[in-house]
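Convention: sequence-line order gives letters A, B, ...; per-chain numbering from 1. Just so it is clear, the values below take in all heavy atoms, side chains as well, and ignore hydrogens, waters and symmetry mates.
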There are 2 protein chains.
Amino acid sequence: MRPFDQSLPMALLRAREAAMRRFRPLLAEHDLTEQQWRVLRALTATDGPVEPTVLAERTFLLPPSLSRILSNLEGRGLIERSVATHDQRRSLIELSPDGRMLVRTVAPSSEAAYTRIEQRFGAARLQHLLEELHDLAELNLGEPT
Amino acid sequence: MRPFDQSLPMALLRAREAAMRRFRPLLAEHDLTEQQWRVLRALTATDGPVEPTVLAERTFLLPPSLSRILSNLEGRGLIERSVATHDQRRSLIELSPDGRMLVRTVAPSSEAAYTRIEQRFGAARLQHLLEELHDLAELNLGEPT
DNA sequence: TATTGTTATACTCTATAACTATA
DNA sequence: TATAGTTATAGAGTATAACAATA
């Protein structure tokens, strides 16, 4: 069997661990879990409001997990929900002003961590790595041959 | 702020998700969680018995989490524990014959998934990606500048 | 005193199913 | 009937602290 440290999932996990190590304490300072941050971050990336289903796909969270996270973030005033006018089943989620402010507070450290990686690893090399990861994720490995 | 899909941790998570998607149902068939499998997999990679502390580092599990997982795996007869003769505080963990058999049962599907990725992504390209991930993980990003 | 490993505790996420409201 | 989202439930991992046994 392939050696443990040549396993692709382990290599991805290890790299992610290395990239996140410095960032986690910062999230903890703001009482945010990784998953909560992923949701806030995904909301920052969109122009307008997003439906929970879309948000779940983008953040790799299951609907029940996302549902709890949204309740939590709404309770803290970091997001706002509304109901879609064309289909009352659908919710629309967006950052509140407080949520946007929180992201703006955390973002600089995130960028600093990124810059640090760029400096040590090389900006072009990192860009290429991101492209490779993107391609890998798009192979549709779940589809039948 | 950097676009969400240009975030390195998200790119790593997304790639890992893609690589694991087909593998999870197989683990579920054998009543194994991802973390339990990581432990079994790490034990396969070593020649002899391993101390829990080392195992925790290699699998990115916290000691309390690992402790529970080891109890579970021991209860299922998949691993064996002994006490180090030179230091009675230390445990030594190794796969049991049943554990080895289970790994041998699951391994072919793991290899098949890997081969599939190699075919679609390119073997050399994948090898290079693994090396880049390895280098990235070894940047010691947690250290002060 | 320090270290190895486990236990305690509280919380969060995962995963599947069942349910409500709307379409 | 089907879909969007929430709630129910059980289980597992995360994280920190406290603890027992050994060094």
Side-chain angles (χ1 to χ4, degrees), chain A residues 9 13 16-17 20-21 23-40 42 49-76 78-94, chain B residues 9 13 16-17 20-21 23-40 42 49-76 78-94:
Chain A
L13 182 61
R16 188 161 198 279
E17 247 350 87
M20 289 292 292
R21 203 165 294 142
F23 195 53
R24 284 220 184 83
L26 185 70
L27 292 182
E29 272 178 40
H30 295 277
D31 277 308
L32 289 171
T33 65
E34 249 187 74
Q35 290 84 346
Q36 289 167 350
W37 175 249
R38 284 219 295 274
V39 171
L40 295 179
V50 194
E51 296 169 16
T53 301
V54 174
L55 214 43
E57 283 165 11
R58 293 200 185 149
T59 55
F60 297 97
L61 291 165
L62 293 176
S65 299
L66 178 62
S67 204
R68 297 257 158 67
I69 290 170
L70 292 178
S71 298
N72 175 303
L73 296 177
E74 189 180 24
R76 293 158 71 176
L78 298 173
I79 62 165
E80 285 166 2
R81 315 167 92 134
S82 49
V83 174
T85 48
H86 67 290
D87 181 345
Q88 305 241 324
R89 291 172 305 183
R90 295 169 194 271
S91 294
L92 291 172
I93 314 289
E94 60 190 320
Chain B
L13 181 61
R16 188 161 197 280
E17 233 11 72
M20 289 292 292
R21 202 165 295 142
F23 194 53
R24 285 221 183 81
L26 184 71
L27 292 183
E29 272 178 39
H30 295 277
D31 277 309
L32 288 171
T33 65
E34 249 186 74
Q35 290 84 347
Q36 289 167 350
W37 174 250
R38 284 219 295 274
V39 171
L40 295 179
V50 195
E51 296 168 15
T53 301
V54 175
L55 213 44
E57 283 166 11
R58 293 201 185 148
T59 55
F60 297 98
L61 291 166
L62 292 177
S65 298
L66 178 61
S67 204
R68 296 258 159 67
I69 289 169
L70 292 179
S71 298
N72 176 303
L73 296 177
E74 189 181 24
R76 293 159 70 176
L78 299 174
I79 62 165
E80 286 166 1
R81 313 166 94 133
S82 49
V83 174
T85 48
H86 67 290
D87 182 343
Q88 305 240 322
R89 290 172 307 184
R90 292 168 196 272
S91 294
L92 292 172
I93 315 289
E94 60 190 320

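- Salt-bridge annotation for A:Glu51 and A:Arg89: absent, with no side-chain N of the basic residue lying under 4.0 Å from a carboxylate O of the acidic one.
- Taking atom CG of residue A:Asn72 and atom P of nucleotide D:dT6, one finds them 14 Å apart after rounding to whole Å.
- Positionally, the nearest nucleotide of DNA chain C for B:Pro64 lies more toward the 5' end than for the other of B:Pro64 and A:Arg38.
- Put simply, B:Ser65 has a side-chain N or O that comes within less than 4.0 Å of OP1 or OP2 on D:dT14.
- Protein atom CZ of A:Arg24 is 13 Å distant from nucleotide atom P of C:dC13, rounded to whole Å.
- Using a 4.5 Å heavy-atom threshold, the side chains of A:Gln36 and A:Leu78 count as separate.
- Each of B:Gln35 and B:His86 has a nearest nucleotide on DNA chain D; the 5'-most of these lies closest to B:Gln35.
- To the nearest angstrom, P of C:dC13 lies 15 Å from CH2 of A:Trp37.
- Side-chain nitrogen and oxygen atoms of A:Thr33 include at least one within less than 4.0 Å of the OP1 or OP2 phosphate oxygen of C:dC13.
- Distances shown here put a side-chain N or O of A:Ser67 below 4.0 Å from the OP1 or OP2 atom of D:dT6.
- Nearest to the side-chain atoms of A:Leu62 among the listed nucleotides D:dG5, C:dT16, D:dT14 stands C:dT16.
- Spacing between atom CG of B:Leu70 and atom P of C:dT6 amounts to 7 Å, rounded to whole angstrom units.
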Close N/O contacts between protein and nucleotides 20-22 of chain D (under 3.5 Å):
residue: D:dT22; atom: O2; partner: B:Arg89; partner atom: NH1; Å: 3.4

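- Whole-Å rounding puts the B:Leu73 CG to D:dA12 C1' distance at 13 Å.
- As a whole-Å value, the separation of B:Ile69 CD1 from C:dT6 P is 12 Å.
- Taking for each of A:Glu34 and A:Arg81 the nucleotide of DNA chain D with the nearest heavy atom, the 5'-most of the two is the partner of A:Arg81.
- With rounding to whole Å, B:Glu17 atom CD is found 9 Å from C:dT14 atom P.
- B:Glu57 has its CD atom 14 Å from the C1' atom of C:dT3, to the nearest Å.
- Side chains of A:Arg68 and A:Asn72: a donor-acceptor N/O pair is absent below 3.5 angstrom, by distance only.
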